[in-house]
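One structure is given below, encoded as structure tokens.
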Amino acid sequence: MRWTDTLIPTLRDDPLEAEIASHKLMLRAGLIRKLAGGLYTFLPLGLRALRKVERIAREEMDRAGALEILMPALQPREIWEQSKRYAVMGETMYRLQDRQKRDLVLGPTHEEVVTDLVSREISSYRQLPKIFYQIQAKFRDEIRPRFGLMRAREFIMKDAYSFDVSMEAADASYQRMYNAYRRIFDRCGLTTRIVEADTGAMGGKLSHEFMALADSGEDGLVECDSCSCAANLERAERGFLPTPLFPDAGESPLVVPTPGARTIEQVAAFFGCEPRRLIKTILYLVKGEPVAVLAPGDREINEHKLARALETADVTMADPRAIETVTGAAVGFAGPVGLQAPIYADTALKGYAGAISGANRTDAHMTRVCLERDVRVAGYLDLCAARDGDPCPRCNGKLREKRGIEVGHVFKLGAKYSDAFGASYVPDDGRRRAMVMGCYGIGVTRTLQAVIEQNHDDKGINWPMSVAPYHAVVLVLNPAHAASLQTAQDLAQNLDASGVETVLDDRNDRPGVKFADADLIGFPLRVVVSERSLAKNSVELKQRTQPSPELVPIADAARSVGDIVHARS
RNA sequence: CGGGGCGUAGCGCAGCCUGGUAGCGCGUUUGCUUGGGGUGCAAAAGGUCAAGGGUUCAAAUCCCUUCGCCCCGACCA
């Protein structure tokens, strides 16, 4: 492909709207353009890269025995009522009406459609197991679209759904998808971690997320530095933390005036102690009722863990008025002693004595607090987020905190949807049973951006061969020089013919412009044709990852390039 | 939705405080030049100053409203 025949609108400056490297680069390299918040057009270069990721996903799904189908993005309201998710999905789902005033939604995911299908078409154990997948646009009215393709309102997802006769069989399907996902991300050139995750709105018991490691990632995770244990911060457990010993542990509580000291920092400074000696008292409304949650002063309560521990989704931080009503004091002076609400404490507080908390009086705190003695704790639960350096819950190792981009998620769903849609089968004993399901998603567009996030330098993108929009660029240094242009054209033609996807940069621009664009776009291979090299009957060949080029005889150039493409694919 | 920031040429920005001629760099077009890391010279095109309303003789500038975009929180692939 000639550069002058396609559209590659590179930008010299970083667009103001982009924050993270991959987003800036996708815009600057001319891969995508924004239509509106969270809505993007794929330009020729971007689409080519996207198709590469799709192809890898498709090949691995096929290899794993999944069947490709294509379901409608536009779906009737009824199936969402049937699964009881019409309400659950809430504002996330785009809703619309047709001219007959029928309610429709734009599918944010396809459990309903696929289970409805399977309930009609499959009825015998002889037809199972089955895994269906599709690669298609999903629509979600995100609270906040962000970072380009990272969190978009319309995005491409590879979603798959497994149907099995038993939990054991479903586990096998899950494992097959799990392994396929590892291969997919591996082939895309991504460094990922697989972590235990929260199942969220999808339901079901167990799930794993595939996290592409990146400092700009939206998700936190921890992994053990010695065993294979890894989890999303939303649910990561910690090992046992020894109880610190504080002075005055045996003494009776004492109320001390602490005017104006509301925050942990202020109180710690006032008493000249370390923050962890403080007992942080946070009030939540659980199903509308106030509940106090205690944590060491240097730790954060994780609402996901809290919600799971209390077995409800209805957990919100109490507003200032509620706090004042329950504690009888201004915000910042809540404490557990004498508090009229159920009190749950993080396990790290077990054995706390000689600690400091709010006194439930404005401008006062309480010292020498002993939880065992002074407070009726309803339960010690794992409520605080794990963090870097915490002990691993499974071994003697330490947890390391990292950030990641959630590129894939696999769920064991059980019979939630098969029950709702009557997706059942007749086993050999003749008594109808619900199918056991799993669902599996890859954010294809997000994966593409994650590849860039992990593979770039200060000059631009550094594509892995497998997802590069083109394998090579042939750069004519001086298009006015007829022999250069001819050699470059012939070479580009030979490369294309041998399966090396090539762009011929035939622009009438200065060399510097072309070098800079080649680096920005990140072609894995660059061939430079110039008068200088032509004098030696050679061209220059350079990989994006290498610092300097090597001279290759013109006659060998196509083969050399082909060998590298082959070796790195 | 809560908190913060921003909307002026394709991109990056100045002008706004203190009202009066819409400007700069890059890009684009034309001609010449140059030809190994964003070349130089010359000329040209390109703007409902986000939108609507108000104040004023006069609004990019002051006031009000709306919309859009970005960042921080809850949601997710």
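Quick caveat, the model's predicted, so the values are computed rather than measured. Here is how names work: the chains are called A, B, and so on, in the same order as the sequence lines, proteins then strands, and each is numbered from 1.
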Open item on the list: If you count every heavy atom of other residues, nucleotides or ligands that lies below 6.0 Å from A:Glu91 atom CD, does the total exceed 12?
Closed with: no

- [ ] Select one nucleotide: of B:A74, B:A77, B:G36, the one nearest the side-chain heavy atoms of A:Leu477.
- [x] B:G36

TODO: Report yes or no: is the cationic atom of A:Arg95 (NZ for Lys, CZ for Arg) closer than 6.0 Å to the six-membered ring centre of A:Tyr86, at no more than 45° off its axis?
DONE: yes

TODO: Tell me, yes or no, whether the heavy-atom count around A:Arg182 atom CZ, taken from other residues, nucleotides or ligands under 6.0 Å, exceeds 12.
DONE: no

- [ ] Report which part of the nucleic acid A:Val407 touches: base, sugar-phosphate, or nothing (heavy-atom distance under 4.0 Å, all strands).
- [x] sugar-phosphate

Open item on the list: Would A:Phe155 count as stacking on B:A77 if stacking means ring centres less than 5.5 angstrom apart and planes tilted under 30 degrees?
Closed with: yes

TODO: Please confirm whether A:Arg85 makes a cation-pi placement over A:Trp80, using NZ or CZ under 6.0 Å from the six-membered ring centre and within 45° of the ring normal.
DONE: no

Open item on the list: Is the positively charged end of A:Lys412 above the ring of A:Tyr174, judged by distance under 6.0 angstrom from the centroid and angle within 45° of the axis?
Closed with: yes

Task: Sorted by number, the residues of residues 39-71 of chain A with heavy-atom contact under 4.0 Å to RNA chain B - done: none

Task: Validation row, ring centre A:Phe210 to ring centre A:Phe185 under 6.0 Å - done: yes

TODO: Taking atom CG of A:Asp5 as the centre, report whether more than 12 heavy atoms of other residues, nucleotides or ligands fall under 6.0 Å from it.
DONE: yes

TODO: Using a 4.0 Å heavy-atom cut-off across all strands, classify A:Ala152 as base, sugar-phosphate, or nothing.
DONE: base

Open item on the list: Given B:G37, B:G35, B:G36, identify the nucleotide with an atom nearest to the side chain of A:Ala516.
Closed with: B:G37

- [ ] Write down the distance separating the P atoms in B:A58 and B:G25, rounded off to the nearest Å.
- [x] 34 Å

Open item on the list: Using only modelled atom types and a 3.5 angstrom limit, is any donor from either the side chain of A:Arg146 or the base of B:C70 paired with an acceptor on the other?
Closed with: no

- [ ] List in chain and number order the residues that pass side-chain contact (heavy atoms from CB on, under 4.5 Å) with A:Asp458, two or more places apart in sequence or in another chain; answer none if no residue qualifies.
- [x] none

TODO: Please tell me which of the listed nucleotides, B:G36, B:A77, B:G38, lies nearest to the side chain of A:Thr445?
DONE: B:A77

Under 3.5 Å, which N/O atoms of the protein pair with N/O atoms of nucleotides 3-14 of chain B?
| unit_1 | atom_1 | unit_2 | atom_2 | d |
| --- | --- | --- | --- | --- |
| B:G12 | OP1 | A:Leu16 | N | 2.7 |

- [ ] Could you pick out which residue, A:Lys34 or A:Lys459, lies toward the 5' side of RNA chain B when each is mapped onto its nearest nucleotide?
- [x] A:Lys459

